[in-house]
Number of protein chains: 2
Amino acid sequence: MNKKRTTIKDIANVLNISPAAVSKAMHDDSRISEKTKKAVKRVAKELNYQPNHLASALRSGKSNLVGVIVPRTNSNFFSSVIENMEGVLNKAGYNIIITQSNESFEKECKNIDTLLFTQVDGIIASMANETVDLSHYEKIKSKGIPLILFDRGENDLNVDYIGIDDYDSSHMIIEHLISKGCKRIAHIGGFRRTRIFNNRIRGFIDAIHKHNLPHDDDLIVESSLTLEDGRIKMQELLALDNPPDAVYVASDYAALGALQVLNEQNIKVPEEMCLVGFGNEPFTSLVSPTITTVKQHSKQIGKIAAETFIKRIKAKNWKPKLEKNILKSELIVRNSSNRDLSIKST
Amino acid sequence: MNKKRTTIKDIANVLNISPAAVSKAMHDDSRISEKTKKAVKRVAKELNYQPNHLASALRSGKSNLVGVIVPRTNSNFFSSVIENMEGVLNKAGYNIIITQSNESFEKECKNIDTLLFTQVDGIIASMANETVDLSHYEKIKSKGIPLILFDRGENDLNVDYIGIDDYDSSHMIIEHLISKGCKRIAHIGGFRRTRIFNNRIRGFIDAIHKHNLPHDDDLIVESSLTLEDGRIKMQELLALDNPPDAVYVASDYAALGALQVLNEQNIKVPEEMCLVGFGNEPFTSLVSPTITTVKQHSKQIGKIAAETFIKRIKAKNWKPKLEKNILKSELIVRNSSNRDLSIKST
DNA sequence: TATATTTGCTTAATCGTTTAAGCAAAAGTA
DNA sequence: TACTTTTGCTTAAACGATTAAGCAAATATA
């Protein structure tokens, strides 16, 4: 029962040098001879030395841990972002702690406390739907550790941000729908208080105006964008005196709910109603009809977020110039909007 | 720019007592007077004291961190397990570090190294599909920290395990299909080397025999159970001279692939072919027809796994009696197998 | 009143590493 | 040869908490 871990002291004893020399040898300090370095590394391997992360973190003030906060992990988008973030961070010697807010403001605050308590070197987060008060994020900033936001961000916080161009995405969608002959387009959006949803709504309205389509307030609704919200809002839209001939939903989950209602009411998609979602969740290609949606480049977002963190850590002199990475999104046209123009036309 | 954190020393200075007294007061040591405790806690709050987790972990040898390894987080099952595990562990003062293996053996090994390096107090894991060699898990055991497996476990490791009764689940499914008039049932399973898939196959075979249905080796196939695998294996089954009238697929993803093929080939589900999946992924209730599946009680599995860990930590004297929690699963009957018996009957 | 026990703290060592400071010996320079 | 510089290490003090040991003063017990 060999409970005792090997420490640098043990290595030092074997080689009759000081623990300090061992520590420096392990870090390839220039003031240690190659011979000693070789010997130290050999003995370290022989004794199966595993550095005590806590001790080095305590001494150096660095934990080599990055905290990640996402609304939930069981979304394809977030899980893909995390996977790619992890790849970059692991290579740079960082490990990540993933926490979920479940879209709850309270849980998000707790997560931040947990992460700060764990002495993470930085936090990469995507805000919960509920979040309006930003004081807990200010807390991170005031500690002086890097904070990077992605997808769900907030301009007021004045921190690095990586996301897609939501405003432009709305334009892409509207132009696609117009090209499919749609004349009266509705938008089931998220709440305006969240930046990305506000941008999507602004993009929607501006694109509508640009192309001289009717701007009817009844056609723009806000919700939490759950599947159930999608159902309810779709029903409301269908009950209008003058219902739309296309719906752009700001989330795939809500789009699915809308699709269910359309199927139930025997409204043919895309013939009678075009439908577009957002996020490219896997199920969009599995349901019938398959749903046209927007790909958010989760891989790049993850990588860039991680790289931005590393830049911030390396730049000791906290430069105020912020990274605002806005990626172009990609429209994935599927059956829910891909109707034959030879029948209906311009 | 107030970079300096408050330490117990600062509190001690304010109150003119020793840091040791402060530490004890914070931990409600019986040898500290109520008056001092009150004062310490008041000053701690005033100075916004946050205990340095690294220092206490280093000294006490406990990190209060639990490592979690899952094949992937973007599955509803695993994300729900994690959420519930987290609830229990947070209450007990533990935080969790989530890592994903992406079903890769190599990544799993790396994750274990990462977690051990981070000095976690225990590891709760579900094994990757690829994993056959168990030496890296033995490494955890040899460090003397608790290892708890769930869902994807392995008897040879001789550790605590929480999962559902896969053998019994197969029986439930077969009996349900027989009650729906199915006479020739096929099984698209996972690889036998993984315990749960082996159990499902064993259960399938035994149930077939028990009810005197034909046991045809062509009707039992093994695969990685991806959506694509489901497609391929379904096509193979349909190409048989004597194809089945029902298919039990050991994963919802593969079941979805099978359903796509059936839809494409205009084979009516459930009239001509009954289909049952496994896992109760959300999309099973979203596709058309909805898929009959098995609910795995992710919430309970998460909770019990966390509670088992806590038990192990508290039981300093490493009792060899292992927890083997086998929960009963629940069959969720949906349209893909719910055919009208008044037409076809016993 | 004398002794034992309890209370409420302090002192100092410790966890394993990093790192500033320092010091010989070796090598370079004039 | 006499000096500066570089090399290759050592010493010792941190980092911030925990904790065993100890010691007065207060309280209890005989």
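Residue numbers start from 1 in every chain, and the chains themselves are labelled A, B, ... in the order their sequence lines are given, proteins ahead of strands. For clarity, every value in this text was computed on a predicted model and none was experimentally measured.
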Rounded to whole Å, how long is the line connecting atom NZ of A:Lys9 with atom P of C:dG16?
9 Å
Audit row: A:Arg42, A:Glu46, salt bridge (Lys or Arg N to Asp or Glu O under 4.0 Å) steps and yes/no:
CA-CA 6 Å; A:Arg42 182 176 47 75; A:Glu46 277 170 19; 3.1 Å; yes
Take the protein atom CG of A:Asp28 and the nucleotide atom P of C:dT18, then report the distance between them rounded to whole Å.
13 Å
Is the shortest side-chain N/O distance from A:His27 to OP1 or OP2 of C:dT18 below 4.0 Å?
yes
Return the value, rounded to whole Å, for the distance between atom CD1 of B:Ile11 and atom P of C:dT10.
14 Å
Would you call the rings of A:His136 and A:Phe105 parallel, tilted or perpendicular, taking 30° and 60° as the class edges?
perpendicular
For the pair made of OH in A:Tyr49 and C1' in C:dG16, what is the distance, rounded to whole Å?
8 Å
Atom pairs under 3.5 Å: protein N/O with N/O of nucleotides 19-28 of chain D:
none

Nearest 0.5 angstrom please: A:Ser75 OG to B:Asn74 CG, how far?
8.0 Å
Whole angstrom value for the distance that separates C1' of C:dT18 from NZ of A:Lys62:
14 Å
Walking DNA chain C from its 5' end, the first of B:Ile32 and A:Ile8 to be reached, judged by nearest nucleotide, is B:Ile32
Could you state the interatomic distance from CG (A:Leu115) to CD1 (A:Ile98), rounded to the nearest 0.5 Å?
11.0 Å
Atom-to-atom span, CG of B:Asp29 to C1' of C:dC9 - whole angstrom:
10 Å
Report yes if a side-chain nitrogen or oxygen of A:Ser33 is closer than 4.0 Å to either non-bridging phosphate oxygen (OP1 or OP2) of D:dC9; otherwise report no.
yes
Please state how far atom CG in A:Asn13 lies from atom P in C:dT17, giving the value in whole angstrom units.
13 Å
Within the structure shown, what part of the strands sits under 4.0 Å from A:Leu54 by heavy-atom distance: base, sugar-phosphate, or nothing?
nothing
Between A:Asp121 and A:Phe309, what is the shortest heavy-atom contact and its length?
O-CE1, 3.7 Å
If you measure from CD1 on B:Ile124 to OG1 on B:Thr308, what distance do you get to the nearest 0.5 Å?
8.0 Å
Separation of C:dT18 atom P from A:Asn64 atom CG, nearest Å, is 11 Å
Checking all strands, does B:Ser18 fall into the base, sugar-phosphate, or nothing category for heavy-atom contacts under 4.0 angstrom?
base
Assess the residue pair A:Ser135 and A:Asp133 against the criterion (side-chain hydrogen bond (donor to acceptor under 3.5 Å, both in side chains)); give the C-alpha distance rounded to whole Å, side-chain angles, the decisive distance to 0.1 Å, and a yes or no.
CA-CA 6 Å; A:Ser135 54; A:Asp133 178 8; 3.2 Å; yes
